[in-house]
There are 2 protein chains.
Amino acid sequence: MTKPVEPDAGAAETAPLSVPDRLTAAATRLFAEHGFERTSVQELVEAAGVTKGAMYHYFTSKDDLLFAVYERVLSMQTRRLAAFAEAEGPVARRLHQAAADVVITTVDNLDDTLIFFRSLHMLSPARQSQVRKERRSYHELFRSLVEEGAREGAFRTDVPPDIVVSQYFGAVHHLGMWYHADGELSGAQVGEHFADLLLASLRT
Amino acid sequence: MTKPVEPDAGAAETAPLSVPDRLTAAATRLFAEHGFERTSVQELVEAAGVTKGAMYHYFTSKDDLLFAVYERVLSMQTRRLAAFAEAEGPVARRLHQAAADVVITTVDNLDDTLIFFRSLHMLSPARQSQVRKERRSYHELFRSLVEEGAREGAFRTDVPPDIVVSQYFGAVHHLGMWYHADGELSGAQVGEHFADLLLASLRT
DNA sequence: CGAGAATCACAGACCGGTCGGTATGTAGGT
DNA sequence: ACCTACATACCGACCGGTCTGTGATTCTCG
């Protein structure tokens, strides 16, 4: 058995995922459910259908696993934002699209983003600063769109762009606290409303 | 020694606070600094200058102490919001004042609000639902202001008030993740900007 | 081409340390 | 005598991480 286990050998779910993928998937679910500290390595590996030996073969520590969960969603969102920022068209439209999109990717990965802000402080200082650095460049990319609109006269100039971005992302990052997939509004609908409110708040 | 200890008997800070108050103050600081789970009861009571016996005399568990921290700031913010909501004047002005005020009280109690959203899930389910209930009535009081403005024609009606309120409080609750008292802007300045953006986003 | 060596990918028992909570004791007030 | 308000010693559970073992695969070299 080089990579996949034989079908239907494990517990409930036995998709042919690799062992590291099974571990990150189980970690995402359990960390979001009980929190990072309340989830023991033992129950984590049992949920993933592997053993501790397997986990410590691929990850150096429990923190490392948390970090891997962070990286996945953070790099994905950064890539998407860059694509919207570099696109053609008026800045108001690009900002609206980017703002709505980050809501959609956030609700599509609600567990990850919930863990993100709940457990960042559990990471080693080195890992924390690495995550913060990535988060910061993400913030700055978004801010550059706001500044571009302000220069062009499309947006108001009496509120610091940093405040605008911090306010918006604060709202997005808090989605994990209240949004439920089985609620009235889809992620796309919430994204539209959020983006509409953002653009309205920036009108001259 | 019925209530106060003799002056200058403990560690660094020996204000004549009662033992429960010393414990909640130490808990607020340590939970915000290292997180709830990483803070042991032993270091907590040492920071408060008391012993475990004292702590378990006033609180039934470590969770109970966390709950007490929650209650203090939550009830305070609810009282203040009610005062603004019940005041006189146009709804736009009352909403602006309430929106700016919640930012100020949040940055004035940044540790508490940080703990709040980071460690809510560590509470027992019963306690969690009690906190959520209070949080919900707070949300609804704020929402009633938005709805009042919409009825009067002062605010737009094409975005659900719940979305507006969730977005705004999301941003406020996330202040603990980025606001620093030694930064460029004071809490009052951030509050003004936040409230300005909120009101602008609601214009018809 | 084949056999032994080295490596990989885990398995699972085990350990030192820590932690929340309790049991028991006691000084002072009433 | 009794209650309040603590102090202190202690316990059993648990947890992250390590260590050794092992079957399968790959590499090496004659």
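For clarity, every value in this text was computed on a predicted model and none was experimentally measured. In what follows, chains are A, B, ... by sequence order, proteins preceding strands, each numbered from 1.
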Colleague: With no hydrogens and no angle check, is any side-chain donor or acceptor of B/Lys62 less than 3.5 Å from a backbone partner on B/Ser40?
Modeller: no
Colleague: Measure all distances between protein nitrogen or oxygen atoms and nitrogen or oxygen atoms of nucleotides 14-21 of chain D, and list the pairs falling under 3.5 Å.
Modeller:
| unit_1 | atom_1 | unit_2 | atom_2 | d |
| --- | --- | --- | --- | --- |
| D/dG16 | OP1 | A/Thr39 | O | 3.4 |
| D/dG16 | OP1 | A/Lys62 | NZ | 2.7 |
| D/dG16 | OP2 | A/Val41 | N | 2.7 |
| D/dG16 | N7 | A/Lys52 | NZ | 3.3 |
| D/dG17 | OP2 | A/Tyr56 | OH | 2.8 |
| D/dG17 | OP2 | A/Lys62 | N | 3.0 |
| D/dG17 | N7 | A/Lys52 | NZ | 2.8 |
| D/dG17 | O6 | A/Lys52 | NZ | 2.0 |

Colleague: Would you kindly check if the NZ (Lys) or CZ (Arg) of A/Arg143 is within the cone defined by 45 degrees around the ring axis of A/Tyr138 and under 6.0 Å from the six-membered ring centre?
Modeller: no
Colleague: Find out whether the Lys NZ or Arg CZ of A/Arg94 is both under 6.0 angstrom from the six-membered ring centre of A/Phe84 and within 45° of the ring's axis.
Modeller: no
Colleague: Partners of B/Arg93 by side chain to side chain donor-acceptor pair (under 3.5 Å), sequence neighbours excluded?
Modeller: none
Colleague: How bent is the helix from C/dC1-D/dG30 to C/dT30-D/dA1, comparing axes over its five end pairs at each side, to the nearest 10°?
Modeller: 10°
Colleague: Between C/dT22 atom P and B/Tyr58 atom OH, what is the distance in whole Å?
Modeller: 18 Å
Colleague: Assess the side chains of B/Ser201 and B/Gln167: does a donor N or O sit below 3.5 Å from an acceptor N or O?
Modeller: no
Colleague: Regarding B/Asp158 and A/His193, is there a side-chain donor-to-acceptor distance under 3.5 Å anywhere?
Modeller: no
Colleague: Would you kindly give the CZ-to-P distance between B/Arg22 and D/dA5, to the nearest whole Å?
Modeller: 15 Å
Colleague: When you compare the side chain of A/Lys52 with that of A/Gln42, does any pair of heavy atoms fall below 4.5 Å?
Modeller: yes
Colleague: At less than 4.0 Å, is any side-chain N or O atom of A/His57 found next to OP1 or OP2 of C/dA9? Yes or no.
Modeller: yes
Colleague: Regarding B/His139 and B/Arg132, is there a side-chain donor-to-acceptor distance under 3.5 Å anywhere?
Modeller: no
Colleague: What is the distance, rounded to the nearest whole Å, between atom CZ of B/Phe59 and atom P of C/dG20?
Modeller: 15 Å
Colleague: Rounded to whole angstroms, how far apart are CG on B/Leu65 and P on C/dG20?
Modeller: 11 Å
